[in-house]
Peer 1: 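Once you've had a glance at the structure underneath, I'll fire off some questions.
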Amino acid sequence: MQLKNDRGLGSGEWRLGDEGDEGDKGVWRDYKKASYTPNAQCPMPNAPCPIPITRVILVRHGQSTYNAQKRYQGSCDDSVLTEKGHSDAYQTGIALRGTELDAIYTSPLRRVQETTVEILEGMEVEEKKRIFTSSHLKEIDIPQWQGLTYKYVQEHFAADYRCWNERPHEFQMAEPQPARELRRGGVAVATSVQQCFPVLDLYDRAQQFWQEILPRHVGKTILIVSHSGTIRALISTAIAMKCQQYNVLQQSNCGISILNFPTPGEQQGQLEAMNITTHLSEVIPKLKNGKQGLRLLVVPATGTAPHLIHQLAERLQTVPIDFSLSSDLDSSQQNAEQLLKYHPTAVQLQVLRQDFPAIWQQNLLSKRAVVPSNEIDLSRPTTGLVVACPSIIENMLTHVLDTSPQYLQLIPDTLSVIYYPLKNPFPVLQAMNIT
């Protein structure tokens, strides 16, 4: 296939030539078929809607050279995609194949531009597509850390790094102001240095992006290809999450998320899927912050779709599961037993209270902070399965995200993953609504 664009990847028209066969759409089609939400009337990307729901698909760029080297990238443009990054981006395009897009918006940075090219090749787009670059979609600006390794920052900027993890809304960094030309020699120099608030600035950019873009595509589907921090800010501002929760959402390379905006003219959306990586042959997203801690696999089971529970059981057979929590007041225990089909040694616990996940979660958060790290030495996280009715799981997720249930489109009989890092103050939602 040849990419054809006289003006380059950016504003203007983009088309692909020499399209091949349709190929395998299995992963994404299955996901769309499983989609269900009580809060919206049009869960399918290509289905006719009685109301003009705007659907936004968000994809993080593929693995970059800085990702592989464990370096902070920020808004610098020094890194490009690795071979794996190119391959994963192409697979993401295959997963999205058949999805009708009104427009594509991308960051201007090279790693995103290269990802977009691969996605379009994988999608085998037949008609012209309008692709726009937006500076609002650049990654968070952290000038002092860009290019430095994670380890170096943790060791040499310990206090700042702690603030970045624990109080991201207060995190600040010195930033040179725009340069000016001196009269002699024409040498550009920085006039002064000022303090910036990277996370707050990023959230402002995200809100400005929504204000500009949503009115242009009412009732349509658009694709956004951007960066981890930027996508987290876009999701957060759309579902009323505070910037204090910046580190709560995981975004994996080429992970797919979906937001629906049911009310024209409003920036408040509903999160239908978050960080789906099954199209990359991952059962669940890989951990980013070490392997010490607790990981919960949460399933909102209805008891009315045994075939979906069977599919999840097959998917989870290679994931180590140490224990399960379920209620004996409904069908949760039966579903838990089916999900543990390949985990005979998992300890199964039943509870009487319907609000057991919330209470257990609160106790976990309060006690975890005082556990000495030298008392736990795990090569992998302790993993538990939590099975409960959808309303209980929904409350659990809204507690993690510190938002309202109205902003979540929880799909029954799917899988969401919450990780509690041992040394971090916040839980991390790794994925939501894996089918």
Peer 1: Strictly below 4.0 Å, N to O, side chains only: are D102 and R55 in salt-bridge contact?
Peer 2: no
Peer 1: Establish, from distance only, whether the side-chain atoms of S75 and D141 form a donor-acceptor pair under 3.5 Å.
Peer 2: yes
Peer 1: Please determine whether a side-chain nitrogen of the Lys or Arg among R205 and D201 lies less than 4.0 Å from a carboxylate oxygen of the Asp or Glu.
Peer 2: no
Peer 1: Please answer whether the main-chain N or O of R111 pairs with a side-chain N or O of T115 as donor and acceptor at a distance below 3.5 Å.
Peer 2: yes
Peer 1: Show your working on side-chain contact (heavy atoms from CB on, under 4.5 Å) between D413 and L312 and close with a plain yes or no.
Peer 2: CA-CA 8 Å; D413 303 304; L312 280 181; 5.5 Å; no
Peer 1: Applying side-chain contact (heavy atoms from CB on, under 4.5 Å), run through V56 and I224 and close with a yes or a no.
Peer 2: CA-CA 7 Å; V56 179; I224 295 173; 3.5 Å; yes
Peer 1: With ring centroids as reference points, do W210 and F261 lie under 6.0 angstrom apart?
Peer 2: yes
Peer 1: Quick one: does any side-chain atom of T403 pair with a main-chain N or O of T398 as donor and acceptor, under 3.5 Å?
Peer 2: no
Peer 1: I'd like to check I222 versus L101 (side-chain heavy atoms, cut-off strictly below 4.5 Å). Are they in contact?
Peer 2: no
Peer 1: Taking atom types as modelled, is there a side-chain donor on H86 or E118 under 3.5 Å from an acceptor on the other?
Peer 2: yes
Peer 1: Might you work through the side-chain contact (heavy atoms from CB on, under 4.5 Å) test for V428 and V248, ending with a clear yes or no?
Peer 2: CA-CA 4 Å; V428 176; V248 170; 5.9 Å; no
Peer 1: Considering only heavy atoms from C-beta outward, does the side chain of Q311 approach that of T435 to under 4.5 Å?
Peer 2: no
Peer 1: Using a 4.5 Å cut-off on heavy atoms from C-beta on, say whether the side chain of R315 contacts that of I434.
Peer 2: yes
Peer 1: Hey, is the main chain of L137 close enough, under 3.5 Å, to the side chain of S226 for a donor-acceptor pair?
Peer 2: yes
Peer 1: What about the rings of W164 and F197, do their centers lie closer together than 6.0 Å?
Peer 2: no
Peer 1: Looking only at side-chain N and O atoms, does S257 offer a donor or acceptor that is under 3.5 Å from a partner on N275?
Peer 2: no
Peer 1: Ignoring hydrogens and angles, tell me if any N or O in the side chain of D88 forms a donor-acceptor pair with the backbone of C254 under 3.5 Å.
Peer 2: no
Peer 1: Answer with yes or no whether the side chains of Q333 and S326 bring together a donor and an acceptor at under 3.5 Å.
Peer 2: yes
Peer 1: Are any side-chain N or O atoms of Q250 and backbone N or O atoms of S228, one a donor and one an acceptor, separated by less than 3.5 Å?
Peer 2: no
Peer 1: Is it the case that the ring center of Y105 lies less than 6.0 angstrom away from the ring center of H217?
Peer 2: yes
Peer 1: Can you see whether T116 engages E114 through a side-chain donor-acceptor pair at a distance of less than 3.5 angstrom?
Peer 2: no
Peer 1: Does the ring of Y246 carry R232 above it, NZ/CZ under 6.0 angstrom from centre and within 45° of its axis?
Peer 2: yes
Peer 1: Side-chain contact test, heavy atoms from C-beta onward, threshold under 4.5 Å: evaluate it for Y66 versus Y72 and give yes or no.
Peer 2: no
Peer 1: With a 4.5 Å heavy-atom cut-off, do L340 and Q348 have their side chains touching?
Peer 2: yes
Peer 1: Can a donor-acceptor pair be found between the side chains of T414 and N433 at a distance below 3.5 Å?
Peer 2: yes
Peer 1: Should the pair E314-K341 be classified as a salt bridge under the 4.0 Å nitrogen-to-oxygen rule?
Peer 2: yes
Peer 1: Is the backbone of A206 close enough, under 3.5 Å, to the side chain of T237 for a donor and an acceptor to pair up by distance?
Peer 2: no
Peer 1: With side chains defined as the heavy atoms from C-beta onward, is the minimum distance between D160 and W145 less than 4.5 Å?
Peer 2: yes
Peer 1: Treating H136 as the side-chain partner and Q207 as the backbone partner, does any N or O pair qualify as donor plus acceptor under 3.5 Å?
Peer 2: no
Peer 1: Using atom types as modelled and distance alone, determine if a side-chain donor or acceptor of Q113 lies under 3.5 Å from a backbone N or O of L109.
Peer 2: no
Peer 1: Checking side chain to side chain contact (heavy atoms under 4.5 Å, CB included) against D322, which of T382, T345, L385 comes through?
Peer 2: T382
Peer 1: State whether the side chain of R60 and the backbone N or O of Q251 hold a donor-acceptor pair below 3.5 Å, judged by distance alone.
Peer 2: yes
Peer 1: Please check if the side chain of Q73 supplies one atom and the backbone of G147 the other of a donor-acceptor pair under 3.5 Å.
Peer 2: no
Peer 1: Return yes if a side-chain donor-acceptor contact under 3.5 Å exists between N335 and S332, otherwise no.
Peer 2: no
Peer 1: Does the side chain of L58 come within less than 4.5 Å of L234's, by heavy atoms?
Peer 2: yes
Peer 1: Within a strict 4.5 Å, meaning less than it, do heavy atoms of the N260 and Q409 side chains meet?
Peer 2: yes
Peer 1: If you apply the rule side-chain contact (heavy atoms from CB on, under 4.5 Å), what do you find for V112 with H227, and how did you get there?
Peer 2: CA-CA 8 Å; V112 170; H227 307 267; 3.3 Å; yes
